[in-house]
Amino acid sequence: MIVRFNEQSGRAVSELPSWHFCDNEQDANDCALLVLNGVKQATTPSLYWFKANNEALPEVGDLAIFTNWQGQPLGIIETVSVTITPYNKISADYAALEGEGDKSLEYWQRVHWDYYQRELAGTEYQCHPEMPLVCEQFKLVFKESE
């Protein structure tokens with residue numbers, strides 16, 4: 001995939017991180033399809049997840065391979081914006097960028113609150129309305145099928 005991406009884009013990338021969205025097969029595969037269809041343009045893990053897993057925050061210009069749940073590479077995304085926003089300050093416009101469900105803020109709040117509960121289980125962190133979230137907006141820059 002990286003070779004074809006380099007040929008198409010004129011870049012010289014040698015290695016990229018690879019991961020899937022979400023924490024379960026159904027959601028991971030659904031979100032991957034939303035990205036491929038240009039609907040999902042953002043993802044929002046908690047800042048606590050990055051701290052608990054000693055992971056670096058995404059940065060503008062980062063590239064990553066996204067996969068389905070089974071690990072099959074589907075495409076490459078490029079980070080275009082990263083902000084830290086409290087859970088209770090997420091806007092309806094941002095929730096729509098996530099592209100999930102009916103794209104409403106209410107839907108986003110419901111499914112993400114449940115997700116953060118699972119994401120932080122077994123860590124020293126707790127969900128709360130002001131918890132900081134890493135709001136990463138991205139664009140699809142390569143599809144494996146092309």
Side-chain angles (χ1 to χ4, degrees), residues 1-87 89-105 107-125 127 131-146:
M1 173 187 281
I2 292 176
V3 170
R4 287 189 310 283
F5 170 70
N6 285 338
E7 289 169 355
Q8 240 182 43
S9 67
R11 299 190 194 198
V13 176
S14 60
E15 193 175 325
L16 291 175
S18 177
W19 44 264
H20 58 74
F21 294 95
C22 304
D23 64 347
N24 65 80
E25 183 172 4
Q26 183 68 53
D27 291 342
N29 292 342
D30 288 350
C31 284
L33 288 174
L34 290 172
V35 173
L36 289 172
N37 291 326
V39 176
K40 182 172 181 60
Q41 301 172 46
T43 190
T44 316
S46 70
L47 180 61
Y48 298 154
W49 180 88
F50 285 91
K51 290 181 176 186
N53 291 283
N54 199 29
E55 290 281 337
L57 293 176
E59 296 181 7
V60 172
D62 283 355
L63 296 169
I65 296 170
F66 67 96
T67 71
N68 62 14
W69 183 257
Q70 293 75 23
Q72 174 189 9
L74 300 175
I76 297 174
I77 55 173
E78 181 176 356
T79 303
V80 297
S81 172
V82 180
T83 58
I84 308 295
T85 304
Y87 171 86
K89 300 292 185 190
I90 295 293
S91 69
D93 287 343
Y94 182 82
L97 284 175
E98 282 245 9
E100 299 169 30
D102 65 5
K103 300 181 193 158
S104 70
L105 179 58
Y107 178 89
W108 185 94
Q109 289 172 328
R110 187 176 73 253
V111 300
H112 281 79
W113 187 261
D114 292 344
Y115 171 76
Y116 297 129
Q117 297 273 358
R118 296 187 309 269
E119 179 185 71
L120 298 176
T123 73
E124 63 185 277
Y125 301 100
C127 292
M131 73 179 153
L133 305 179
V134 178
C135 300
E136 179 182 4
Q137 293 180 47
F138 56 80
K139 64 181 177 182
L140 178 64
V141 293
F142 182 80
K143 288 184 186 181
E144 174 60 18
S145 60
E146 294 181 348

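Using the six-membered ring where Trp is involved, Trp69 and His20 have ring planes that are tilted, between 30° and 60° apart. Between His112 and Tyr115, the two ring planes are perpendicular [angle over 60°; tilted spans 30° to 60°]. Between Phe138 and Phe21, the two ring planes are tilted [angle within 30° to 60°].
Nearest heavy-atom pair across Arg4 and Phe142 is CB-CZ, 3.8 Å. Smallest separation of non-hydrogen atoms from Ser46 and Tyr116: N-CE2, 3.7 Å. Nearest heavy atoms, Leu105 versus Ala92: CB-CA, 4.0 Å. A pairwise comparison of heavy atoms in Pro45 and Phe50 identifies CG-CE1, 3.4 Å as the closest pair. Here the closest heavy-atom approach between residue Ala32 and residue Thr67 is recorded as CB-O, 4.0 Å. Of all heavy-atom pairs between Ile65 and Pro73, the closest is CG2-CB, 3.8 Å.
Here the options are Thr44, Thr79, Thr43, the test is side-chain hydrogen bond (donor to acceptor under 3.5 Å, both in side chains), and the partner is Glu136; only Thr79 passes.
Side-chain contact check for Thr85 versus Pro132: every heavy-atom pair is 4.5 Å or farther apart. Using a 4.5 Å cut-off on side-chain heavy atoms (C-beta onward), Trp49 and Glu55 make contact. Counting only heavy atoms from C-beta outward, the side chains of Val134 and Pro58 approach each other to under 4.5 Å. By the 4.5 Å heavy-atom criterion applied to side chains, Tyr94 and Gln137 are counted as neighbours. In this structure, Met131 and Tyr48 have side chains that are in contact, with non-hydrogen atoms separated by less than 4.5 Å. Annotation: side chain of Met1 is in contact with side chain of Ile76 (closest heavy-atom distance under 4.5 Å).
For the atom pair Ser81 OG and Leu97 CG, the distance stands at 9.5 Å (nearest 0.5 Å). For the atom pair NZ of Lys143 and CG of Leu36, the computed distance is 6.0 Å after rounding to the nearest 0.5 Å. Distance check: Leu16 CG to Glu78 CD gives 10.5 Å after rounding to the nearest 0.5 Å. Here CD of Glu25 is found 10.0 Å from CG of Asp30. Values are rounded to the nearest 0.5 Å. For the atom pair Leu33 CG and Leu74 CG, the distance stands at 7.5 Å (nearest 0.5 Å). Going from atom CD1 of Ile77 over to atom NZ of Lys40 covers 9.0 Å, rounded to the nearest 0.5 Å.
With Asn37 contributing its side chain and Val39 its backbone, the two residues share no donor-acceptor pair below 3.5 Å. Between the Asp27 side chain and the Asn24 main chain, no donor and acceptor come within less than 3.5 Å of each other. Side-chain atoms of Asn68 never come within 3.5 Å of backbone atoms of Asn29 as a donor-acceptor pair (strictly under, hydrogens ignored).
Asp93 and Ser91 are not linked by any side-chain donor-acceptor pair at a separation below 3.5 angstrom, with hydrogens and angles left out of the test.
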task = Take Ser14 and Ile2, measure what side-chain contact (heavy atoms from CB on, under 4.5 Å) needs, and give me the verdict at the end.
result = CA-CA 7 Å; Ser14 60; Ile2 292 176; over 6 Å; no
request  = Take Leu63 and Phe5, measure what side-chain contact (heavy atoms from CB on, under 4.5 Å) needs, and give me the verdict at the end.
outcome  = CA-CA 11 Å; Leu63 296 169; Phe5 170 70; 3.9 Å; yes
query = Please walk me through it: do Val80 and Val60 pass side-chain contact (heavy atoms from CB on, under 4.5 Å)?
reply = CA-CA 5 Å; Val80 297; Val60 172; 5.7 Å; no
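In Glu15, the CD atom is not crowded: 12 or fewer heavy atoms of neighbouring residues, nucleotides or ligands sit closer than 6.0 Å.
Under 4.0 Å is where a charged nitrogen must lie from a carboxylate oxygen, and between Glu98 and Lys103 no such pair does.
The aromatic ring centroids of Trp113 and Tyr87 lie less than 6.0 Å from each other.
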